Amino acid sequence: MAIPPEVLYKDIPELFEIDLGEALTARTEALSTFRELGPPDLCHVVKSTGRTGQRDLGSYHYVSGVDASSSASLAAYINSLTYAIEENSAWFSSTAKWKVRNGCYCCFNAFSRVDMRVDVKIPGGVNAYVIDLRGERHEATPEIWQETYVSALLRAILYSDDPTYTLEAYRKLDPITNAEGELRFLQAAEALFSKGWQVGSDPEIQVATVVSNHLTAGIMKYFGDSGRFQQAANMFEKIMVHEPEVSSLLARSYIGMNEEVKAVQIIANAMKETPQSYTLLHAQCDFLRTKGKYEWAVKLARQAVNCAPSEFVTWEKLTDLYIDLGQYDSALLTLNSCPMFTFNGRDAHRTLPVAKIHLPFTRAIGEILPERTKTEDDEADPALQRLPAPGLRGTWARAYSLLTRLVAQIGWDELLKTRSSVFVMEEEYRMQKAQGDIKQVGGNGHAASGSRGVIHEDGTVVQDDKASTRGIIAPPSPEPDVVPTIKISSDSVDLRGADPKGKARAKVEEEEEEGDIVATPSHLRNGVSALVEKPVQAAGEDKQDSSDITAVAQAEPFSFSNKRLCERWLDNLFMVLYEDLRVWTIFRAEVAHFKTQHVAYRKTGMEWEILGDLGVRLHHKEEAKEAYQRCLDGTRYSVKPWARLMEMYAEEGDAIRVAVYQYFKYTGFYEDLRV
């Protein structure tokens, strides 16, 4: 279907429907799938020329930042779209003029789990109503409007700079433009604070609470990013009267205001009322870490784990502190105990086929951009593009960050030694199983063949029929002498081998419950994979019959009682880390070689960007900074290198360089390209 150019908006992105009204129908059907904050607002309009026989056109776009406090404010936004259509400059043209005939604005209420909708007819009236998860209509109440207003603001704040959240025709507006709007936000947030847990929380939080949810995250992000904690502190002080646990947020606000003494006093008083609050304990831990009191902080972190053992963040904090103290074996054991959750991304609309996509650019920036065509600078080595680490999300990404911090502190070889000293490795399991088989042949077959040995955190071993759910011992590899091979397919990758010197059997599986870790090819250049030793596989990964497991607690020269079983997800993360380190080692070796030969080392812009991201993941900031700068030397435009460099220079306190990069990001850089 051809879309005439005179029907398009001047500066607003939009998607044109194939069938009129299908976007609204799809949103209604998807309401029950929205889990937390919901997707950005949907604005749907019908454009018409008013001529008989001329077909009306339906278009829609997504938007955040619109004032959703009343039907009048949403109707005003739709009315503003009537002035955004491109006007025909030729006064004598016979082309019919397109106008917005009616519109519908949809805004999801994350508290009551309903969709607020405002229908506007131009000219005509305004009709506001509520659609529930079953698609039934209800009347809008003041309470529903207040919840909708706060929900829209939270989406605008939290979705604003999320690099993983991409959406076609997504228009982002400033949600709060003046002091009056900020005051309204605080008043509404205070009124709904006790309901904050209903909107959900970050994926790293297992259970949303009154202090760990999207509402508190939005408040701290909005005021924290601007360094204006006073307004947030004033609100938290009022709420703390009937919610003592809010003291952790109040203390963090005062620490952000450099009023540390007051923050400590608040925490001390609050701990008398709520000693089991892990958020309060974590606030103390963070404060003590800034003062270098790691021994004190780790005691509080252990207490936080006891208070909330099912939360990932408590184990993460304890692991972090063990790394600070240099207790790397304890850090690895604690990391292995982290509860991992299935990652649920941001709520989004279902993608529909469209008749046309209109994505206009901002004139001030777009006119100086070079013509966007795909060149060799946009290509990259497939081995770089298939690295699995960038695909990690939620708790899996956070756990991987801890693992990379460990390897940055002690190195890969020492990390493998620490791993083998605290976890049962496959070779050790084979030895133990062989000894058990010999005893069975000698008359010790009375051990219960259907039971499974489980090693608990205190080192004791008991028999448990449900041990299969805990990743208990794996059988030996049937191919102990196979040369490591690679099998690549669209849905699985097996890395195999069995060499007691280090090339042990490895298997990286892609499972939804394990964070969707995608395995990658194990070579970047032929003959250089030996630069980084492949990790030996830990025991406890494959399926087996109960009859294959012997009693593992029998007294032998080697005993499992002083070691733990490595979780499968952690074993997979070691393989992900191995891939990152191998590619990075090859890259640095090539750079050094080219320097000695006095030859320029060349990569495409995309490859430099990927290598920069890899350097950041592995905590090689200087090399990552160099890679991002090399990426900017080419003609390929990408926001990521600019943003990363600004973050790095901001951490270093180089404000002048940050300002220069911010300026050239939009002006001078592309002016130079055009010359």
Side-chain angles (χ1 to χ4, degrees), residues 157-166 170 172 202 221 224-227 345-346 365 368-370 372 375 377-381 383-394 396-398 400-405 407-408 576-577 579-581 583-588 590-591 601-673:
I157 294 170
L158 296 176
Y159 292 7
S160 60
D161 53 359
D162 187 348
T164 64
Y165 193 82
T166 57
Y170 185 12
K172 299 180 182 180
D202 291 335
K221 176 177 171 57
D225 287 353
S226 58
R346 305 277 193 196
I365 300 175
I368 64 174
L369 289 174
R372 190 72 178 109
T375 63
D377 228 23
D378 295 299
E379 299 176 357
D381 190 314
L384 288 175
Q385 293 179 321
R386 294 173 186 167
L387 285 175
L392 298 175
R393 297 286 183 270
W396 316 98
R398 297 271 284 265
Y400 185 71
S401 178
L402 292 172
L403 201 58
T404 56
R405 189 176 171 221
V407 78
V576 173
L577 179 59
E579 291 294 325
D580 271 358
L581 286 172
V583 170
W584 182 259
T585 303
I586 293 170
F587 162 61
R588 297 311 301 172
E590 289 178 348
V591 170
Y601 185 63
R602 301 187 182 280
K603 291 280 186 184
T604 66
M606 174 66 79
E607 288 174 337
W608 282 120
E609 182 178 317
I610 295 173
L611 290 169
D613 294 342
L614 178 58
V616 170
R617 284 200 303 273
L618 298 178
H619 303 278
H620 297 292
K621 290 189 176 180
E622 292 303 318
E623 292 86 349
K625 192 188 303 180
E626 179 185 354
Y628 285 135
Q629 289 170 341
R630 293 289 297 273
C631 179
L632 298 180
D633 291 340
T635 58
R636 178 180 179 272
Y637 177 72
S638 175
V639 175
K640 184 185 289 186
W642 293 103
R644 292 285 192 180
L645 285 171
M646 284 191 289
E647 291 172 4
M648 291 178 178
Y649 288 128
E651 290 175 1
E652 297 171 1
D654 195 344
I656 296 177
R657 193 178 294 240
V658 171
V660 170
Y661 268 84
Q662 183 71 32
Y663 174 77
F664 280 103
K665 179 178 177 180
Y666 297 112
T667 55
F669 177 68
Y670 284 108
E671 289 292 344
D672 292 341
L673 286 180

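What's counted below: heavy atoms across the whole structure, side chains too, no hydrogens, waters or symmetry copies. Computed from a predicted structure; not experimentally measured.
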So how far is it from [X] [atom1] to [Y] [atom2], rounded to the nearest 0.5 Å?
| X | Y | atom1 | atom2 | value |
| --- | --- | --- | --- | --- |
| Asp381 | Phe587 | CG | CZ | 13.0 Å |
| Leu614 | His620 | CG | NE2 | 8.0 Å |
| Arg617 | Leu387 | CZ | CG | 6.0 Å |
| Lys603 | Cys631 | NZ | SG | 13.5 Å |
| Thr404 | Leu577 | OG1 | CG | 7.0 Å |

Subject >> Cationic N near anionic O, under 4.0 Å, Glu652 to Lys621 >> reply: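 Salt bridge absent between Glu652 and Lys621.
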Distance-minimising heavy-atom pair for [X] and [Y]:
| X | Y | value |
| --- | --- | --- |
| Val616 | Arg644 | CG1-NH1, 4.1 Å |
| Ala408 | Leu618 | CB-O, 4.2 Å |
| Tyr601 | Arg630 | O-NH2, 2.6 Å |
| Lys221 | Ile157 | CE-O, 3.1 Å |
| Asp613 | Lys640 | OD2-NZ, 3.0 Å |
| Ser160 | Lys172 | O-NZ, 3.0 Å |

**OP:** Mind checking salt bridge (Lys or Arg N to Asp or Glu O under 4.0 Å) for Arg398 and listing every partner two or more places apart, or none if nothing turns up?
**Re:** Glu204, Glu316
Original post:
What's the verdict on side chain to side chain contact (heavy atoms under 4.5 Å, CB included) for Trp608 and Gln629, showing C-alpha distance, side-chain angles and the deciding distance?
Top reply: CA-CA 9 Å; Trp608 282 120; Gln629 289 170 341; over 6 Å; no
Original post:
Is the closest side-chain heavy-atom distance between Leu645 and Leu632 below 4.5 Å?
Top reply: yes
Original post:
Has the side chain of Tyr400 got a donor or acceptor atom that lies under 3.5 Å from a matching backbone atom of Arg393?
Top reply: no
